[in-house]
Amino acid sequence: MPELPEVETTRQGIRPHLEGSKISQVIIRNHSLRWPIDADLASILDGQTIHSIQRRAKYLLLHCDTGVLLIHLGMSGNLRILNTADNDEVGKHAHVDIIVDNGHTLRYTDPRRFGAILWTSEPLSEYKLLKDLGPEPFTDAFNADYLWQQCQTRRCSIKTLVMNGKIVVGAGNIYANEALFLSGIHPSTRANTLTLQQCNQLVRMIKTVLKQAIEAGGTTLKDFRKSDGQPGYFAQQLNVYGREGDDCPKCGSIIQHYKEAQRATFFCSQCQKLTSA
DNA sequence: AGTATCTCCTGCGTGC
DNA sequence: TGCACGCAGGAGATAC
């Protein structure tokens, strides 16, 4: 399941093959993603140059001549770089091919179709899906004071808060679990009861765990593959996520599992005490 | 404004 | 072996 590290890994993988290239053909086999793909997308993109590929939250942004192509991988989306000449077998869920003039094809595959491919020619700062997003986790804007301020007016659990893209982007379920474990904070702790010191620790751990995951090439649980088809290796570094019943790597207690706001939540009851309800 | 719930979809694991 | 079923999950939409 692609979270920020997986999206960033994908960006780094596809960028060298696409930046500066010109789109020569777009094949859309299935328009039905989370939102329907623009019926005119193929003709809009035809002949445009991909100038740069950036990332905002979990959106990949392909800056073209007259606008930006936004790609979200959803739950099961995946981008691969293929050699156009190879004529690779088109899988059941290979919904879109973007063929460029340097011999490469960008193929979007997404079994669950929770992802999105959207076109916009308006400034990104005004684009609906991006304008209300919180800071990127690696920027200085995401710091202890900021998080603590955000916590003050909210009674939701700290795990829910951290996963809220309006607070900070990129901390999905896996990494929220991991960062809370490394911070020694119980996932159900009410946000407005966190101390500044806890916020400081949590901010540092979110940055740390996301950075380590990017360095490992992302987390491959079921279906994530990097753009070259290889899995990421961060799953081997997970302390609590998916490890219900295992020994806590810090203290040896048993890792617990429950649902917090509909999401699978893992923690160590010794290392992550609930300080207040 | 903040929070909880619903929703999209397919593949996989489980139990019979 | 096969089927029915439940579940996972990012994040926008919707209802309080």
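All values below were derived from every heavy atom in this structure, side-chain atoms included, with hydrogens, water molecules and symmetry-related copies excluded. In this text the structure is predicted, and so the values were computed from the model without any measurement.
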Against the side chain of A:Pro111, the closest entry in C:dA8, B:dT10, B:dC8 is B:dT10
Can you check the [X] [atom1] to [N] [atom2] distance for me, whole Å?
{"X": "A:Glu3", "N": "C:dA8", "atom1": "CD", "atom2": "P", "answer": "15 Å"}
{"X": "A:Tyr241", "N": "C:dG10", "atom1": "OH", "atom2": "P", "answer": "7 Å"}
{"X": "A:Met163", "N": "C:dG9", "atom1": "CE", "atom2": "C1'", "answer": "9 Å"}
{"X": "A:Lys58", "N": "C:dG9", "atom1": "NZ", "atom2": "C1'", "answer": "10 Å"}
{"X": "A:Asn30", "N": "B:dC8", "atom1": "CG", "atom2": "P", "answer": "16 Å"}
{"X": "A:Met75", "N": "C:dA8", "atom1": "CE", "atom2": "P", "answer": "11 Å"}
{"X": "A:Tyr175", "N": "C:dG10", "atom1": "OH", "atom2": "C1'", "answer": "14 Å"}
{"X": "A:Asp132", "N": "B:dA1", "atom1": "CG", "atom2": "P", "answer": "11 Å"}

Check this for me: does any side-chain nitrogen of one of A:Asp101 and A:Lys22 sit under 4.0 Å from a carboxylate oxygen of the other?
no
Pair listing, ring-ring contact (aromatic ring centres under 6.0 Å, His included) test, anchored in residues 119-143 of chain A, at least two apart
none
Show your reasoning for whether side chain to side chain donor-acceptor pair (under 3.5 Å) applies to A:Ser157 and A:Arg190.
CA-CA 4 Å; A:Ser157 72; A:Arg190 297 298 109 195; 5.2 Å; no
Who are the side-chain hydrogen bond (donor to acceptor under 3.5 Å, both in side chains) partners of A:His104, not counting sequence neighbours?
A:Asn102
Results of side-chain hydrogen bond (donor to acceptor under 3.5 Å, both in side chains) for A:Arg55 - residues two or more places apart only
A:Glu8, A:Glu136
Do the side-chain N or O atoms of A:His72 get closer than 4.0 angstrom to the phosphate oxygens (OP1, OP2) of C:dG10?
no
With each end axis built from five pairs of C1' atoms, what bend angle do you get for the helix from B:dG2-C:dC16 to B:dC16-C:dG2? Round to 10°.
40°
Does the A:Thr10 side chain pair with the main chain of A:Glu6, one donor and one acceptor, at a distance under 3.5 Å?
yes
Looking at A:Thr120 and A:Val68, would you say the former's side chain and the latter's main chain have a donor-acceptor pair under 3.5 Å?
no
Detail all sub-3.5 Å separations between protein N/O atoms and N/O atoms belonging to nucleotides 3-5 of chain B.
{"residue": "B:dT3", "atom": "OP1", "partner": "A:Arg155", "partner atom": "N", "Å": "2.5"}
{"residue": "B:dT3", "atom": "OP1", "partner": "A:Cys156", "partner atom": "N", "Å": "3.0"}

Using a distance-only criterion (donor-acceptor N/O pair, under 3.5 Å, no hydrogens), is the base of C:dG10 paired with the side chain of A:Arg112?
no
A quick test of your reading: do over 12 heavy atoms of other residues, nucleotides or ligands sit less than 6.0 Å from CD of A:Gln152?
yes
Do the non-hydrogen side-chain atoms of A:Lys273 and A:His186 ever get within less than 4.5 Å of each other?
no
Between the protein and nucleotides 13-16 of chain C, are there any N/O to N/O pairs under 3.5 Å, and if so, what are the atom names and distances?
{"residue": "C:dA13", "atom": "OP1", "partner": "A:Lys128", "partner atom": "NZ", "Å": "3.3"}

Can you say whether the rings of A:Tyr258 and A:Phe267 are parallel (under 30°), tilted (30 to 60°) or perpendicular (over 60°)?
perpendicular
